[in-house]
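A short write-up of the structure that comes next.
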Amino acid sequence: MRLVPMKQGVASALALCGKGARGGLELRTFKKDRGVRIVAADGAVRLSEDGFVTESRELPSGSEAKRAVRAAVAREFPRSNKLYVQEVS
């Protein structure tokens, strides 16, 4: 896990929401008690939240997925300046 600025971590997560993107990323708070996981494959994005809200949903790639990721990040990391980032498979 790497500790990166919030803006850089969110940009990496949003890059996975584009069409044809593949791979996965997990964002965690400094205390590692809340997180968001984004996994992209086959034109779909799986978004899992673990923190204030615990849910997992499947979204089509594109603007709908980006909007959902931004909302999840705002909900789970309201006061964070830095995030831990880890690639997942």
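What's counted below: heavy atoms across the whole structure, side chains too, no hydrogens, waters or symmetry copies. These figures come from a predicted structure and were not determined experimentally.
Taking Arg79 as the reference, nothing meets the side chain to side chain contact (heavy atoms under 4.5 Å, CB included) condition, with sequence neighbours excluded. Under the rule for a side chain to side chain donor-acceptor pair (under 3.5 Å), Asn81 has no partner lying at least two apart in sequence or in another chain. Ser12 meets the side chain to side chain donor-acceptor pair (under 3.5 Å) test with no other residue; sequence neighbours excluded. Listed by chain and residue number, Arg57, Arg75 satisfy the salt bridge (charged side-chain N to carboxylate O under 4.0 Å, His left out) test with Glu49 (two or more places apart in sequence, or in another chain). Not counting sequence neighbours, the partners of Val10 by the side chain to side chain contact (heavy atoms under 4.5 Å, CB included) test are Met6, Leu14, Val73.
Under a 4.0 Å N-O distance rule, the pair Arg28/Asp50 qualifies as a salt bridge.
Among all heavy-atom pairs drawn from Ala13 and Val69, the shortest one is CB-CG1, 4.2 Å.
Residue pairs meeting the side-chain hydrogen bond (donor to acceptor under 3.5 Å, both in side chains) criterion with at least one member in residues 59-71, sequence neighbours excluded, do not occur. Applying the side-chain hydrogen bond (donor to acceptor under 3.5 Å, both in side chains) test to residues at least two apart or on different chains, none of the pairs has a partner in residues 2-11. Counting only residues at least two apart or in different chains, salt bridge (Lys or Arg N to Asp or Glu O under 4.0 Å) contacts with residues 9-20 are absent.
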Would you list the atom pairs, donor with acceptor, under 3.5 Å between side chains in residues 37-48 and any protein atom, with sequence neighbours excluded?
| unit_1 | atom_1 | unit_2 | atom_2 | d |
| --- | --- | --- | --- | --- |
| Arg37 | NH2 | Glu26 | OE1 | 3.1 |
| Asp42 | OD1 | Arg22 | NH1 | 3.4 |
| Arg46 | NH1 | Ser56 | OG | 3.2 |
| Ser48 | OG | Ser56 | OG | 3.1 |

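In this structure, Met1 belongs to a hydrophobic cluster whose other members, linked by side-chain heavy atoms under 4.5 Å apart, are Leu3, Phe30, Tyr84.
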